[in-house]
**Q** 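Supplied in structure tokens, the structure appears directly below.
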Amino acid sequence: MKFRFNWLIFVRLNISQQQAVEYISGPCLVLAGAGSGKTRVIINKIAYLIQVKGYQPKHVVAVTFTNKAAREMKERIAQTLGRKEARGLKISTFHTLGLDIIRKEYKQIGIKSNFSLFDDNDQFSLLKALTEQWFDGDKDLINQLRHTISNWKNDLVDATIAMARAQTKKEQLFAHCYQLYEQQQKACGILDFDDLILLPTLLLQSNEQVREKWQNRVRYLLVDEYQDTNTSQYELIKLLVGYKAKFTVVGDDDQSIYSWRGARPQNLVLLNQDFPSLNVIKLEQNYRSSGRILKAANILIENNPHIFTKTLHSELGYGEPLNVISANNEEDEAEKVVNDLIGHRFATNSRYGDYAILYRGNHQSRLFEKILMQNRIPYKISGGTSFFSRIEIKDLMAYLRLLINLDDDNAFIRVVNTPKREIGPATLQKLGQLAEQKSLSLFKAAFDVQLTELLPPKRFESLHQFVNWFSQLSDNAQHDPMPVVDQLLHGIDYQSWLYETSPSPAAAQMRMKNVEQLTSWLDSMLKGDDIDEPMTLEQAVMRFTLRDMLERNESDEEEDAVQLMTLHASKGLEFPYVYLVGMAEGLLPHQASIDEDNIEEERRLAYVGITRAQQVLTFSYSTERKQYGDVSYLEPSRFLLELPQDDLNWNSKKQQTSEQRLEQGKSRLAMIKAQLAKAKAEL
DNA sequence: GGATTCCCAATTTTT
DNA sequence: TTGGGAATCC
């Protein structure tokens, strides 16, 4: 029986993949080149640990960076092992793992159980309020401060240490703000994303008993995208695995493109130093791209210094040359690319969904969208305003957060006068004064006897009506939350409020639909499903903040549409036909990176883009660029010049033979006819 | 619902 | 300088 299963899992693994799966006696680093089947290795290793080596699922933990990756992995392992066998297995993001530890150990950490989780926007508005007197709402400064605090937290530096280390006036002020922020966090029971890693790390560092408990729980740890870990995440990994060091990390230093967010690819070196017995296994066979594409990628990335060298090879055939489309201006570039796409699609009878257009910055999508729209080509753009930045979702989230934690002042402020309850700035200011004076949260201060002296009877009455009603709701939410959420929405008559405040009835309807989406997610998360256990309201709301919910809209995944996205967003994906646009000095590499002499990460970005392509890769650039109103001239990207020129087909248009041109003309004619027919049909 | 005006960004944003 | 989004007005 065991033998049979063994055979089943390994049938599709190559030798290095198999080595990576079977090596479980000590620390293991899998250097997984692009498209080398790293997810397959992780899935198979988990199956191997459980099925062959007798690990209990609850003792195996796998961490990823994104919810999407975690979800996919859960799904695939459930398919491999069966839902029942996979039960108890912990596959989550770093942040969700941290959140789980905090929820179980909140007493040891010294925080209350019903803390609120702040996302970036909440953090921003809190910092804005705290720094009003110095920064006067200056967005730039507040964001600088936010990044500084985030970096401090990621480097395990608390406010006291930051203060002690501060040299310049500005550093001192920032450290002081950090102190204020910490105080506010404690007073209101607020955690931010960085705390989800920081707090467990500090706890495990300082508390031996808890550390042993978790080391006993996590008997085998797998980490995906290891090159993206920051200092505190690496520290957490070390604390969880302990001296036994039973772990596998999978990563690729050539695909490290998040150093600007605190990722430390140097953690690969540290791993080598911290675990001398580290077993390094390289996955160098690529199952994705043609030989030419891979050769180009290898040659490009060789210009970067390397800790571990690896060379990808492919058995998929040499493939077509790489094309370079040059254009006079950006509009011309978009047109040429879209024309090329249309022609290629007709020639090869491909789906729109087989094409991706990748670019450095979001703003570059605009022209491509315009041209695609003009040609009536369906496209899908990833990114854009997220669901959670919509007002109605923010409102509802604030209500839900306040329901869990009445001391969440940010949520209170958002909610207290939405919809209008005659509780204006003057009332809030008085309430705020009292709260500060007595070190109470706003909600608690609303019950303070002194408030009657401060507020005119009418205002006091409106405020009291609200807090009384809401604390009743909050009590009821402890037992059976879902009816309370319905009561809440009806109680505030949110639907009417939406119709009053929306620019149009259609917009109000849209907003109401979003609200329903959120409540239906909430409902299903409270109930649980065949993969996830039922959650409490607290858990569910925090998962929302972590953007981790059960996706129920599979419908739009099936759409046949050209994919537009940034190079960053493309990591981990693959497409038969890829256009890498804006290949010009100043765009890729970006000017800021040129100025900061940080070309290597830009090169990795180009490398990520190139290795997304399976069959055909086309670059494009324009020599002219409009910026801040005037025109500047651009050189083709240095990365194009670094590529093997023999495999590059510059300006494919000009080198076309007349026959090819005739062919293309014919297909374009056919296309126009088809479009005409389609337009007629639509009419 | 549509028109107008004002303000902001112009590099990437896993949680 | 430009263009888009939000806010504001009719």
Side-chain angles (χ1 to χ4, degrees), chain A residues 63-72 92-99 117-124 138-140 143 146-147 150 153-154 191-198 223-230 232-233 251 255-263 330 358-367 369-370 382-386 388-391 499 501-509 542-549 565-573 582 586-596 598 601-602 604-606 608-609 625-632:
Chain A
V63 274
T64 63
F65 274 85
T66 66
N67 295 309
K68 199 175 150 214
R71 217 175 300 129
E72 270 172 25
S92 67
T93 64
F94 263 106
H95 290 84
T96 304
L97 177 67
L99 180 62
L117 187 54
F118 266 28
D119 68 14
D120 290 352
N121 290 320
D122 301 317
Q123 203 186 12
F124 182 89
D138 184 321
K139 241 181 144 178
D140 258 14
N143 273 323
R146 204 168 53 134
H147 288 134
S150 180
K153 288 192 178 198
N154 288 335
L191 300 188
D192 61 33
F193 285 152
D194 298 321
D195 290 325
L196 297 183
I197 314 296
L198 176 72
V223 181
D224 192 18
E225 304 281 13
Y226 174 76
Q227 77 283 349
D228 288 342
T229 52
N230 61 33
S232 58
Q233 284 161 341
Q255 291 186 72
S256 162
I257 52 175
Y258 284 103
S259 69
W260 52 277
R261 285 196 72 177
E330 289 166 296
L358 309 179
Y359 37 77
R360 176 73 234 262
N362 276 313
H363 66 276
Q364 290 174 272
S365 71
R366 265 209 342 255
L367 274 173
E369 282 187 84
K370 188 178 138 195
S382 72
T385 27
S386 109
F388 284 89
S389 55
R390 294 170 181 279
I391 338 151
Y499 276 91
T501 53
S502 298
S504 72
Q509 251 170 18
M542 287 189 210
R543 290 298 182 94
F544 282 146
T545 309
L546 289 173
R547 311 291 183 254
D548 180 14
M549 52 271 169
M565 68 188 80
T566 62
L567 287 164
H568 284 91
S570 76
K571 194 169 86 162
L573 305 175
L587 280 171
L588 185 71
H590 192 272
Q591 192 55 48
S593 301
I594 298 174
D595 297 342
E596 288 162 28
N598 186 19
E601 182 141 320
E602 299 288 309
R604 289 194 289 268
L605 217 37
V608 166
R625 181 191 182 196
K626 263 187 264 178
Q627 201 184 203
Y628 311 113
D630 50 15
V631 183
S632 52

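Values below: all heavy atoms of this structure, side chains included; hydrogens, waters and symmetry mates excluded. Chain letters run A, B, ... following the sequence lines, proteins first, then strands; residues in each count from 1.
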**Q** Which is true for Y258(A) with a 4.0 Å heavy-atom rule: it touches a base, it touches only sugar-phosphate, or it touches nothing?
**A**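 It contacts base atoms.
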**Q** Measure CD1/I257(A) against P/dT13(B) and give the value in whole Å, please.
**A**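 One finds 9 Å between P of dT13(B) and CD1 of I257(A), rounded.
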**Q** To the nearest angstrom, how far is R366(A) atom CZ from dA9(B) atom C1'?
**A**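 Atom-to-atom, R366(A) to dA9(B), this comes out as 11 Å.
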**Q** Measure CD/Q123(A) against P/dT13(B) and give the value in whole Å, please.
**A** 18 Å
**Q** Using the C1' atom as the point on both nucleotides, what is the distance between dA9(B) and dT13(B), in whole Å?
**A**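 That atom pair is separated by 16 Å.
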**Q** Which value, in whole Å, describes the distance between the P atoms of nucleotides dA10(B) and dT14(B)?
**A** 15 Å
**Q** So does A69(A) get a backbone contact from the side chain of E72(A), meaning a donor-acceptor N/O pair under 3.5 Å?
**A** no
**Q** Begin from the C-alpha positions of E601(A) and S593(A) and carry the test side chain to side chain contact (heavy atoms under 4.5 Å, CB included) through to its verdict.
**A** CA-CA 8 Å; E601(A) 182 141 320; S593(A) 301; over 6 Å; no
**Q** Output the rounded distance in Å from CG (L605(A)) to C1' (dT12(B)).
**A**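 Taking CG of L605(A) and C1' of dT12(B), I get 7 Å after rounding.
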**Q** Between M565(A) (CE) and dT13(B) (C1'), how many Å, whole number?
**A**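 Whole-Å distance recorded here is 15 Å.
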**Q** For a quick check of understanding: with a heavy-atom distance under 4.0 Å over all strands, which category does N67(A) fall into, base, sugar-phosphate or nothing?
**A**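 If one applies the 4.0 Å heavy-atom cut-off, N67(A) turns out to touch the sugar-phosphate alone, with no base involved.
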**Q** Closest nucleotide of DNA chain B for H363(A) versus for L546(A): which of these residues is on the 5' side?
**A**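 Closer to the 5' end of DNA chain B: H363(A).
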**Q** Students often mix this up, so state it plainly: with edges at 30° and 60°, are the rings of F388(A) and F544(A) parallel, tilted or perpendicular?
**A**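 It falls in the tilted class, 30° to 60°.
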**Q** Does D119(A) form a salt bridge (Lys or Arg N to Asp or Glu O under 4.0 Å) with R547(A)? I'd like the steps, not just the answer.
**A** CA-CA 10 Å; D119(A) 68 14; R547(A) 311 291 183 254; 3.1 Å; yes
**Q** For a quick check of understanding: with a heavy-atom distance under 4.0 Å over all strands, which category does H568(A) fall into, base, sugar-phosphate or nothing?
**A**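 Base contact.
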**Q** When all nucleic acid strands are considered with a 4.0 Å heavy-atom cut-off, which category describes D120(A): base, sugar-phosphate, or nothing?
**A**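 Since a base atom lies under 4.0 Å of D120(A), the category is base.
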**Q** Tell me what R547(A) touches on the nucleic acid: a base, only sugar-phosphate, or nothing, going by heavy atoms under 4.0 Å.
**A**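 R547(A): no heavy atom of the nucleic acid under 4.0 Å.
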**Q** Could you state the atom-to-atom distance from CG of N143(A) to P of dT11(B) in whole Å?
**A** 15 Å
**Q** Quick one: is K139(A) getting a side-chain N or O under 4.0 Å of the dA9(B) phosphate, OP1 or OP2?
**A** yes
**Q** Output the rounded distance in Å from CZ (F193(A)) to P (dT13(B)).
**A** 16 Å
**Q** Report the relative orientation of the aromatic rings in H568(A) and W260(A); use parallel for angles under 30°, tilted for 30 to 60°, perpendicular for over 60°.
**A** perpendicular
**Q** OP1 or OP2 of dT13(B) less than 4.0 angstrom from a side-chain nitrogen or oxygen of N362(A), does that happen here?
**A**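 So the side chain of N362(A) is within the cut-off, an N or O lying under 4.0 Å from OP1 or OP2 of dT13(B).
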**Q** Atom CZ of F544(A) to atom C1' of dT15(B): distance rounded to whole Å?
**A**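 Rounded to whole Å, this separation is 16 Å.
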**Q** Between Q627(A) and I391(A), which has a closest nucleotide on DNA chain C that is more 5'?
**A**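 With Q627(A) and I391(A) compared, the 5'-side residue is Q627(A).
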**Q** Would W260(A) count as stacked on dT12(B) if the rule is ring centres under 5.5 Å and plane angle under 30°?
**A** yes
**Q** Look at the side-chain N and O atoms of S593(A) and state whether any lies under 4.0 Å from the OP1 or OP2 oxygen of dT11(B).
**A**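 For dT11(B), OP1/OP2 do not have a side-chain N/O of S593(A) under 4.0 Å.
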**Q** If stacking means aromatic ring centre less than 5.5 angstrom from the base's six-membered ring centre, planes under 30°, is H95(A) stacked on dT15(B)?
**A** no
**Q** Where the side chain of N121(A) meets the backbone of S389(A), is there a donor-acceptor pair that is under 3.5 Å apart?
**A**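 No, the answer is negative, given that no donor and acceptor are paired below the 3.5 Å cut-off.
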**Q** Ignoring hydrogens and angles, answer whether the base of dT12(B) and the side-chain atoms of R360(A) contain a donor-acceptor pair closer than 3.5 Å.
**A** yes
